[in-house]
Every structure is written in structure tokens, then in C-alpha cells.
Amino acid sequence: MALTSQPLQGKKRCKQIFWAVFPHACFILSLVIYAFLGALMFSHIEGNRKVNSSEGYRNFLQGLWSISKNLSDNMTENEEVFKERIYNLLSTFEQEWFVDPKKIWNFFGSLFFCCTVFTTVGYGNTYPVTRAGKYLCMLYALFGIPLMFLVLTDMGDILATVLSKCYNEFRKLQSKIVASKLCSVFMCKKGSETKSRRSLLMKSKVVINEPLSIVEVLKSQSAFKRKPMQYRNAEIFEMLIAREKEYTKLSRTKSIERWSSCPELERGKTMTSVIENFDKIGKELEKLDVPILLMVLVIFVYISCAAAILPKWETNLDFQEAFYFCFITLTTIGFGDTQLQHPRFFLFLSLYIIIGMEIVFIAFKLGQDRLIVFYKKMISFCGEKKITPKKIYPK
Amino acid sequence: LQDIIQAYKSGITLQGNSTSLGRWDFSGSFFFSISTITTIGYGNLSPSTAGGRIFCIFFALFGIPLNLVLLNSIGQLMLSGVQHCAHHLEEKFHWQKKATLLIRICALLTCLLLFLLLPPLLFSAKEGWSYEEGFYYSFITLATVGFGDYVIGMNPDRTYPGWYKNVVSLWILFGMAWLALVIKFCINLLE
């Protein structure tokens with residue numbers, strides 16, 4: 001029996017790993033398929049655009065010809081007249097005249113365009129000109145942007161867990177080093193005092209709530225460490241309300257759990273865990289609590305890596321310009337002022353771009369939370385200032 | 001002559017007779033900051049000096065979360081406004097609970113009208129675009145894609161009234177908040 005159970009266990013593990021990875025792979029694959037489909041459609045619609053020489057272009061050429069015809073022999077006079085006339089003529093310039101749709105809207109060009117649409121970067125170096133192209137672009141964005149958002153949130157969970165684990169390990173290490181350095185008798189006593197106080201807080205929280213898992217308590221601990229005493233009550237209340245909401249959501253899924261407790265429905269259990277995983281999307285992101293300076297540092301290091309590599313094949317960009325370009329891309333602003341010579345190679349960095357957008361997304365979420373905390377402090381500070389003058393004359 | 005055309009192709013633009021949204025004066029810079037913070041990023045105006053770019057990076061780092069907070073609060077405000085209205089109407093006319101769904105759909109349709117269907121009329125009046133182009137511009141702006149092929153206030157031949165830019169900025173703000181709310185609702189429905 002022992003011999004046969006081992007390969008069975010191996011198979012079980014493989015299955016477990018497969019079903020754990022499956023939802024994430026599902027999202028990414030659907031995004032890739034969506035991008036490829038879009039590229040095909042756009043290259044068909046925009047690439048086959050009929051290029052008719054527009055009237056504006058003909059007028060432009062005629063203007064050029066008449067200027068060159070009317071140049072007199074006097075050199076200095078020529079320069080002035082030429083400059084002024086060319087200036088006026090060039091302001092009627094339109095980029096459309098010099099663009100060859102077949103070259104720009106080939107498969108890779110359309111793929112690049114589709115990526116700029118659903119990531120909402122929107123450079124604008126290529127954009128649809130035909131009417132059908134514009135409508136298709138709007139429809140494509142309508143479905144592509146939420147899909148991209150879903151992929152981002154999903155992978156953001158993984159990144160958030162990795163980040164918070166690393167950060168917690170780092171803090172444990174830090175506290176260990178500090179504790180080992182300051183281990184005199186008095187300091188040890190003080191440490192035990194603060195520990196007992198903290199455990200009292202922990203216990204009081206556990207008494208009010210239903211029993212939490214250890215991991216959750218540890219995570220909430222790190223959240224409490226930094227906030228001053230006065231706001232702890234408000235924070236506890238808010239966390240209580242948030243946890244109640246979570247439990248009402250959990251009770252919805254409990255009905256699925258009950259019938260899958262039967263051992264014959266073992267396969268059903270994996271399916272329900274997969275379905276539950278879909279519900280948990282975005283929960284890790286909300287629990288993340290690392291200092292925002294760390295996130296900003298991570299962003300800068302990440303962008304510097306790409307900015308160091310990018311000038312290798314984009315020869316007209318130096319480090320500073322590549323850094324600026326990567327930042328503007330990863331925050332999805334996407335001015336489009338920096339033109340890429342080889343957009344194809346940039347597509348190969350798509351995994352890097354997705355992870356980069358993740359990190360920026362997480363950093364912005366953290367920034368939001370910090371801002372809200374800051375506003376609350378300011379408002380309560382202003383509120384306190386108004387109350388204290390009244391207390392001077394108590395009855 | 002070919003060199004000039006080559007230079008233009010590679011993106012060098014003429015400085016000179018452009019509108020107030022195409023120069024780096026106050027309104028142009030204000031519009032640029034808005035397009036950066038909301039991550040629309042038209043690109044008709046973008047910093048070219050090193051100092052400008054570094055400042056732009058830090059500006060965006062602080063501005064984008066600020067904008068997200070603002071959008072969230074505006075969204076909550078609009079949501080609570082709709083719920084208040086629903087509550088009032090329920091109390092006044094003693095409708096059933098199903099009426100809330102109707103009111104929500106009604107609110108959605110009015111917002112759709114206000115933010116996506118009416119602005120193209122304004123744009124076609126002021127910019128001379130067709131209705132389709134105006135709708136395309138509204139959609140691409142509210143989705144924060146922002147190609148930059150169509151940008152308001154860039155035509156030097158037209159005069160724009162004083163309230164035009166402010167109204168458009170307000171529309172961008174509320175429209176984006178509404179769209180974010182709609183997306184949140186859709187994701188909640190899917191769950």
C-alpha cells in the first residue's frame with residue numbers, strides 16, 4: 001500500500017498545484033487572446049484603408065512648389081521670405097499624409113496599438129482614422145479595460161503577499177537584532193511589560209470579535225504599531241465593521257462548503273476552492289500595509305532597471321529619457337512625446353510592464369490610504385481646536 | 001526641404017501661433033497637470049527640459065493618488081445622492097422595494113446622457129467636430145486612454161469662450177468618477 005500511495009500523493013499534489021495556478025493563468029491567457037484578436041481585427045480594418053491623396057496634401061505641395069519658384073536671386077532676401085512662407089505653409093501640415101497604413105498597421109503595430117488601448121496608456125503615435133476603426137476601438141476599450149483591471153487585481157494579490165511576507169520577515173529580523181543588542185535585565189522587563197500590554201489589547205480584540213486566525217492578528221498588529229492611541233478606538237470599530245462585512249460574505253459561501261464535506265465529493269471540494277479563490281481576488285491587496293517610502297523606492301529601482309536596458313536598442317534615448325518614458329508608461333499616463341524606434345522589442349517586455357503597473361497600482365492604493373488617514377487626522381485636529389475653547393468655562 | 005519634413009515627422013513641433021492650451025502659460029499648464037494627474041496624458045503638450053520631466057515625475061507620484069481619493073469621494077457623494085432621492089421618492093409615493101432598482105437604472109441613464117451623450121453636442125458646436133468624433137473623444141478621454149488625436153481647444157482658428165475649459169474639466173472629473181462607480185458596480189454584480 002505504501003508503494004502505491006506515493007505516486008497517488010504525487011498526483012494529488014500536481015492536481016492541487018494545477019488548480020491553484022489555473023485561475024491566474026486563465027486570466028492572463030484570456031488577456032493575451034484578447035490582444036491577439038484585437039490586433040488581427042485592427043490590422044484588417046485599418047491596414048486596408050484606401051489612401052487617397054487628400055486635397056490638403058495637394059495644396060501643400062502646390063504651395064511648396066510656388067515658393068521655390070518665386071525665389072529671387074538675392075540670397076539674404078531669399079532667406080527671410082523663404083522662412084516666413086515655409087513657416088506659414090508648414091502650420092497646415094497634417095501627419096496623415098505621410099503615413100503608410102500598411103506599414104504601420106501590420107500585425108505587430110496593431111498589437112502595440114491594442115496594448116495601448118486596454119492598458120489605457122494611449123500613446124497616440126498610431127490611432128484609428130476610419131469610422132469603423134473608431135467604433136471598434138471604443139468597443140474594444142469597453143471590454144478590454146475591465147479585463148486588464150481584473151488581471152492587474154489578480155496578480156496584485158500575489159505581489160502583495162510576496163511584498164508583505166518579505167517586509168514582515170525583514171521586520172522580524174530587525175526586532176530580533178534590536179532585542180539581542182539590548183538584552184539587559186531592565187530592558188527585558190520593559191519588553192515583557194509592553195508585550196503583556198499588547199497581548200491584553202490582542203485579547204480584548206479577540207473577546208469582542210469571533211476568534212481570528214493568528215496571521216490576521218499579526219497583520220493587524222503591524223497596522224496598530226504606528227498609529228497613536230487616540231485613534232485606536234475608531235480604528236477598532238472600523239475593523240470590526242469591516243470584519244462583519246467579511247463574515248456576511250463568508251456565510252454566503254458556507255452553503256457550498258457544507259455539501260462538499262462528504263468524502264466522495266473530493267473533486268467538488270477543489271472546484272469550490274477554485275470558485276472561492278475567485279471571490280478572494282483583491283482581498284490581499286486591501287490587507288497590504290508596508291511603508292509608502294519603501295514602495296516608492298521599489299518603483300524607482302524597478303524603473304531604473306528598465307531605463308538601463310532600454311537605451312541598448314533605442315539609441316536616441318539616454319538614461320534620463322528612458323526613465324521618464326518608463327515612468328510615464330507605467331503610470332498609464334502615456335504622453336506619446338517619446339517615439340520608439342523598435343516598438344516590437346518593447347512588446348517583449350510586456351511581463352515587465354504588467355508587473356511594473358502592478359507595483360505602481362499598489363503604491364497608489366497605499367498612497368490613497370495614507371492620504372485618507374492624513375485627512376482624518378487633520379480634520380480631527382481642527383475639530384479638537386474648536387472644542388477646547390468651550391471647555392475653559394465649565395459649569 | 002526633405003530634412004524639414006523628416007524633422008517634423010520625428011515629432012518636433014512648431015512653437016508659435018497656437019492656442020492658449022498649446023502654450024505653457026497658465027491655462028495650458030493647468031490642462032497639462034489635469035491630463036497628467038488623471039493619467040489621460042494627451043501629449044499635445046509635454047515637458048522637454050530635464051528639470052520639467054523630473055518635476056513631472058514627482059508631481060504625478062503625489063497627484064495620482066490624490067486624484068484617486070477625489071474620484072472615490074465624488075463617486076460616494078453621487079451614490080449617496082441617488083440613494084437619498086430613492087428614499088425620498090419611496091416615502092412620498094409609498095412604492096415597493098423594486099422601485100429602488102428602477103430609480104438606480106434611471107440614475108444610470110441620466111448620467112449616461114449627461115456624460116456621454118450630451119457633451120459631443122457641445123464639442124461639435126465649439127470644435128467643429130462631427131457628433132461621432134465628439135463621442136469618440138468623450139469615450140477615449142473618460143476611459144483615460146487619451147490618444148491625443150483629438151484635443152479640445154487646440155484649433156487656432158476658433159475662439160473659445162471663457163467658461164469652456166472649466167466646464168470641460170468639471171465634466172472630465174465627474175465623468176471619470178461616474179465611470180469608476182459603474183465599473184465597481186459591474187464587478188460587484190459579477191461577484
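Because the structure is predicted, anything quoted here is derived from the model rather than measured. Just so it is clear: chains get the letters A, B, ... in the order the sequence lines come, proteins before strands, and each one is counted from 1. Values below: all heavy atoms of this structure, side chains included; hydrogens, waters and symmetry mates excluded.
Expressed to the nearest 0.5 Å, how far CZ of A:R131 lies from OG of B:S130 amounts to 7.5 Å. Rounding to the nearest 0.5 Å gives a distance of 11.0 Å between CG of B:L61 and CE of A:M295. To the nearest 0.5 angstrom, A:I303 atom CD1 is 7.0 Å from B:I57 atom CD1. Separation of atoms OH (B:Y136) and OH (A:Y135) is listed at 12.0 Å; rounding is to 0.5 Å.
For the residue pair A:L371 and B:P65, the shortest heavy atom distance occurs at CD1-C, 4.0 Å. For the pair A:I328 and B:C56, the tightest heavy-atom approach, listed with the atom from each and the gap, is CD1-SG, 4.3 Å.
Residue A:T332 is tested with B:T39, B:I64, B:V145 for a side chain to side chain contact (heavy atoms under 4.5 Å, CB included); the sole match is B:T39.
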Start with the C-alpha gap between B:V69 and A:I372, add the side-chain angles, then the distance that decides, and say whether side chain to side chain contact (heavy atoms under 4.5 Å, CB included) holds. CA-CA 8 Å; B:V69 167; A:I372 291 177; 4.3 Å; yes

Stepwise, does the salt bridge (Lys or Arg N to Asp or Glu O under 4.0 Å) test hold for B:E132 with A:K134? CA-CA 9 Å; B:E132 284 171 337; A:K134 288 184 185 170; over 6 Å; no

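Looking at A:F374, neither its backbone nor its side chain comes within 4.5 Å of chain B, counting heavy atoms on both sides. Looking at A:F327, the atoms closer than 4.5 Å to chain B (heavy atoms on both sides) all sit in the side chain, from C-beta outward. Heavy atoms closer than 4.5 Å to chain B are found nowhere in A:F118, neither backbone nor side chain. Using a 4.5 Å cut-off between heavy atoms, A:Q320 contacts chain B through its side chain alone, with no backbone atom that close. Proximity to chain B (any heavy atom under 4.5 Å) is restricted, for A:V121, to the backbone atoms N, CA, C and O. Both the backbone and the side chain of A:T116 come within contact range of chain B, each with at least one heavy atom under 4.5 Å from a heavy atom of that chain.
No more than 12 heavy atoms of other residues, nucleotides or ligands sit less than 6.0 Å from atom CZ of B:F30. Counted within 6.0 Å of CZ on A:F112, heavy atoms from surrounding residues, nucleotides or ligands total more than 12; the atom is thus considered enclosed.
Annotation: maximal heavy-atom pairing with chain A below 4.5 Å, among B:L66, B:I140, B:I54, occurs at B:L66. Between chain A and the options B:G148, B:S35, B:P47, the largest number of non-hydrogen pairs under 4.5 Å is found for B:P47. The greatest number of non-hydrogen atom pairs below 4.5 Å with chain A, out of B:Y42, B:F62, B:F139, is found for B:F139.
Relative orientation of the B:F32 and A:F335 rings is parallel, given thresholds of 30° and 60° on the angle between their planes.
Annotation: ring-ring contact (aromatic ring centres under 6.0 Å, His included) contacts of A:F143 (sequence neighbours excluded): none.
You'll find the side chain of B:F135 reaches within 4.5 Å of the side chain of A:M138, heavy atoms only.
Here the two rings, on B:F147 and A:F113, have centers that are under 6.0 Å apart.
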